Amino acid sequence: MSTELSPDTQALAGLLEQARKEYDELAGRGLSLDLTRGKPAPEQLDLAEDLLSLPGGRHTAADGTDVRNYGGLRGLPELREIFAELLQVPAGQLLALGNSSLELMHDCLVHALLGEVPGATSRWVDQEPIAFLCPVPGYDRHFSLCRRFGIDMIPVAMTPDGPDMAEVERLVAENPAVKGIWCVPKYSNPDGVVYSDETVARLAAMPTAAPDFRIFWDNAYAVHDLTDEPAEIADLLAACAAAGHEDRAFVFGSTSKITSAGAGVAFFGSSPANVKWLLEANQKRSIGPDKINQLRHVLFLKDADGVRAHMTRHRTLLRPKFETVARILEAELGGTGLATWTSPKGGYFVTLTVPDGCAKEVVRRAAEAGIVLTPAGATHPYGDDPRDAVIRVAPSYPNLAELEQAILGLAVCVRLVGYERGVVAVR
Ligand code: PLP
């Protein structure tokens, strides 16, 4: 029997040896870098510094409301006017509320569980078990909300146009327990997918077995473009109304990644019946939102064009970071067959896909070398990516020098794990 190694095996042995050396060198550098969460960098937060000294001495809204006092459950009309256009919700159907859209999604789930949404025959809590469709990869905090409330999660594959609509239509048509779907329609977290007009039309029109089915339309990245050609998405609320499903959509958004993350303003938009439903529920838990913060936002942002102009400043800071990620991944992993990655036109994330069975190990090796990534699997319901292949990269927070080091180090880990697992290089 011949003991000669095939050229592929020899090549792999050489590559593995090289990758091990590079990894040892990386681990010896004592790095401490964090690519976990899509947080704005301090320079981005500085862009809204002037907002912090507003509203100055002023404390009346356009209609004379004293913003220091209780009341105004819908939020300031002038702020709702600004975001109506950006979130594709008529101002009269848009509420400006607290500081976090995730809180609003949480509250809508709680209110639907404990009180009937319009069109429901009973509370969701009385119909258990209920389920939500979860396009994957998706946003881990959506999945955490489902887990917290015992809502079953059914994964649906993402396509370049949004969720696999044939699968969505089949699941909602046959199963009345399916009460909702999570959607991040523009620059989805983490794939950067923009829903096509056809996807929006089909979501609006599809027959559902549940009469109280809701689309949780988390438009978190509505104005967060990374190119000079903003993606446009179709108007879901209008499409639902036109299809005779006026109450189907809950639209969410916030200024967390426009002004201040944690001290911005969150929005809820929907049909008149849904807005009334949420207002009635909110009335029990609050005597009104923080209108001082809302006035501050009106004075700072001024109008929809003011928001767009502000977002170009974010883009100036963010774009070089996404370009850095793309450049380094191409230089380090291009042509190796070890990874593919997204080149999003907006949003906050890059998805790195490694060979099946490698994502957890890459994340573990990176952590050991001082580079913290979002846990592999977090992009899937129950933390379970069945292929163990998806890694979410969040480039916004580190500065460029740190980001460069982190992505270079990540590439070393991908090579190490890939070659350990026997993925033969082709370059
Ligand atoms: N929705 C998505 C898709 C997000 O990526 C994030 C934050 O990263 C949020 C919601 C959180 O929004 P907020 O700060 O308004 O709660």
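Keep in mind it's a predicted model, so treat the numbers as computed, not measured. Counting convention: from 1, in listed order, for ligands and their atoms alike.
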If every non-hydrogen atom of S260 is compared with every non-hydrogen atom of L45, which pair is closest and at what distance?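 Smallest heavy-atom distance, with atoms named: CA-CD2, 4.4 Å.
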Indicate every side-chain donor-acceptor pair of residues 401-413 with a distance under 3.5 Å to a residue at least two apart or in another chain.
unit_1: E402; atom_1: OE1; unit_2: N399; atom_2: N; d: 3.0
unit_1: Q405; atom_1: OE1; unit_2: R29; atom_2: NH2; d: 3.1

Using a 3.5 Å cut-off on N or O atoms only, is [X] in polar contact with ligand 1?
X: H142; answer: no
X: A220; answer: no
X: E103; answer: no

Ion pair present between R214 and D247, side-chain N to carboxylate O less than 4.0 angstrom? no
Heavy atom of the protein closest to atom 6 (C) of ligand 1 (residue, atom name, distance):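 Result: Y139 OH, 3.2 Å.
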Considering non-hydrogen atoms of the protein only, which is the closest contact for atom 12 (O) of ligand 1, and what is the distance?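 The closest heavy atom on the protein side is S101 OG, 3.2 Å.
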Within 6.0 Å of CD in E198, more than 12 heavy atoms from elsewhere: no
Test the K257-Y348 pair against the cation-pi criterion, namely NZ or CZ under 6.0 angstrom from the six-membered ring centroid and within 45° of the ring axis. yes
A student checking ligand 1 against S100 at a 4.0 Å heavy-atom cut-off should list atoms 15 (O), 16 (O)
Atom indices of ligand 1 within 4.0 angstrom of K257 heavy atoms, with elements: 6 (C), 7 (C), 8 (O)
Please confirm whether Y221 comes under 4.0 Å of ligand 1, counting heavy atoms of the residue only.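 Distance cut 4.0 Å: Y221 passes for ligand 1.
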